[in-house]
Engineer: 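Dropping the structure in here first, questions after.
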Amino acid sequence: MALDLGWLTFGSGAVICVAIAVAYLVFGMVGFGTALVASPALALYLPLAKIVPLLALMDMLAAMTNIYKDGRKADVQELKRLVPLMVVGSLVGAAILLKTRPEVMLLVLGIFVVAYSLYSLSKFSPKRKFNPGAAVPFGLVGGVFSALFGSGGFIYAIYLSGRIEQKEGMRVTQTTLIGLSTLTRVILFLLAGVYAETSIVLLALVLLPVMLLGVNAGRRITLRLTRDQFIKIINVVVLCSGVVLIGRYLGQ
């Protein structure tokens with residue numbers, strides 16, 4: 001499937017805009033999760049190998065905006081532990097993404113989305129404080145998932161929730177980590193020549209206003225709803241989307 005904006009009809013454009021708006025509304029609230037929400041809808045029109053680079057560009061801009069405002073509250077020590085491991089994991093994940101058949105990745109994405117949603121709905125959280133050595137598996141696996149699916153955020157969140165007690169410190173550290181992760185992915189895809197197909201950049205620019213609206217709306221919603229209430233609703237939607245993706249693959 002070629003990424004040509006000629007395919008962008010009113011119907012497909014509306015679906016994609018809604019998906020992007022909801023995805024970045026989630027990002028505005030919790031600092032991650034855009035790919036998990038947007039990818040199922042985007043996969044109806046775009047190849048997976050193009051979705052991750054597209055969302056990487058948009059995530060980077062959204063994250064950098066938040067980092068500019070609150071970056072000084074991030075836990076620098078945790079970032080020093082996770083970032084090098086994240087880079088190594090991203091290299092492995094990017095290699096897998098660029099070499100794997102798109103139809104197989106569609107199934108993997110569906111399974112991943114369902115697994116993530118079930119994990120989130122289970123409300124599992126670490127019962128004890130992680131030691132610093134736990135950064136190794138969480139950082140590596142998070143990097144692989146970031147490159148493969150555009151989101152390792154939930155993996156980092158598990159680790160950070162077992163390391164940082166202050167809610168605000170965890171949120172800002174999470175957002176900073178996602179910003180660095182997306183920057184790493186953008187550089188990797190740039191070096192791989194993915195962005196030589198300029199229509200990816202064009203589509204990101206077209207969707208930029210919708211992304212900004214979603215981020216701003218997410219910030220406002222947090223004033224009225226608890227994060228747990230909203231995330232529960234979103235996870236149900238994502239779970240259904242993952243099931244649809246798996247069904248679509250099996251129906252081929």
Engineer: Are any of the side-chain heavy atoms of Leu79 and Leu177 separated by less than 4.5 Å?
Structural biologist: yes

Engineer: Using a 4.5 Å cut-off on heavy atoms from C-beta on, say whether the side chain of Leu183 contacts that of Ile187.
Structural biologist: yes

Engineer: For Ala62, does its backbone N or O pair with a side-chain atom of Asp59 as donor and acceptor, under 3.5 Å?
Structural biologist: no

Engineer: As an exercise, state the distance from CG of Leu160 to CD1 of Ile155, rounded to the nearest 0.5 Å.
Structural biologist: 12.0 Å

Engineer: Find out whether Arg81 and Arg163 are in side-chain contact, i.e. whether some heavy atom of one side chain is under 4.5 Å from a heavy atom of the other.
Structural biologist: yes

Engineer: Quick check: closest heavy atoms across Leu54 and Ile200, and the distance to 0.1 Å?
Structural biologist: CD1-O, 3.6 Å

Engineer: So, taking the atom named CE in Met60 and the one named CD1 in Ile178, what distance separates them when rounded to the nearest 0.5 Å?
Structural biologist: 14.0 Å

Engineer: Evaluate the side-chain proximity of Leu55 to Ile20: yes if any heavy-atom separation is below 4.5 Å, no if none is.
Structural biologist: yes

Engineer: Decide yes or no on side-chain contact (heavy atoms from CB on, under 4.5 Å) for Val26 and Thr34, but give the supporting numbers first.
Structural biologist: CA-CA 7 Å; Val26 174; Thr34 55; over 6 Å; no

Engineer: Measuring from atom CD of Gln77 to atom OG1 of Thr173, what distance do you get when rounded to the nearest 0.5 angstrom?
Structural biologist: 11.0 Å

Engineer: On a heavy-atom basis, which atom in Val37 and which in Ala19 lie closest, and how many Å separate them?
Structural biologist: CG1-O, 4.3 Å

Engineer: When you check the side-chain N and O atoms of Tyr24 and Asn216, is any donor under 3.5 Å from an acceptor?
Structural biologist: no

Engineer: Taking all non-hydrogen atoms of both residues, which atom of Val210 and which atom of Cys17 are closest, and how far apart?
Structural biologist: CG1-O, 3.3 Å

Engineer: With a 4.5 Å cut-off on side-chain heavy atoms, are Val15 and Tyr45 touching?
Structural biologist: yes

Engineer: Under 4.5 Å between any side-chain heavy atoms of Tyr195 and Val186, yes or no?
Structural biologist: yes

Engineer: Let me confirm one number: the CG-CG distance from Leu85 to Leu140, rounded to the nearest 0.5 Å.
Structural biologist: 5.0 Å

Engineer: Minimum heavy-atom separation for Met86 to Ser181, with atom names?
Structural biologist: SD-CB, 3.3 Å

Engineer: Could you check Leu250 against Ile246 for side-chain contact (heavy atoms from CB on, under 4.5 Å), going step by step and ending with a plain yes or no?
Structural biologist: CA-CA 6 Å; Leu250 296 176; Ile246 295 175; 3.9 Å; yes

Engineer: Decide yes or no on side-chain contact (heavy atoms from CB on, under 4.5 Å) for Thr182 and Leu57, but give the supporting numbers first.
Structural biologist: CA-CA 7 Å; Thr182 54; Leu57 282 174; over 6 Å; no

Engineer: Could you check whether any side-chain N or O of Tyr156 sits under 3.5 Å from a backbone N or O of Gly143, counting only pairs where one atom can act as donor and the other as acceptor?
Structural biologist: yes

Engineer: Please work out which of the three classes, parallel, tilted or perpendicular, describes the rings of Phe130 and Tyr159, given edges at 30° and 60°.
Structural biologist: parallel

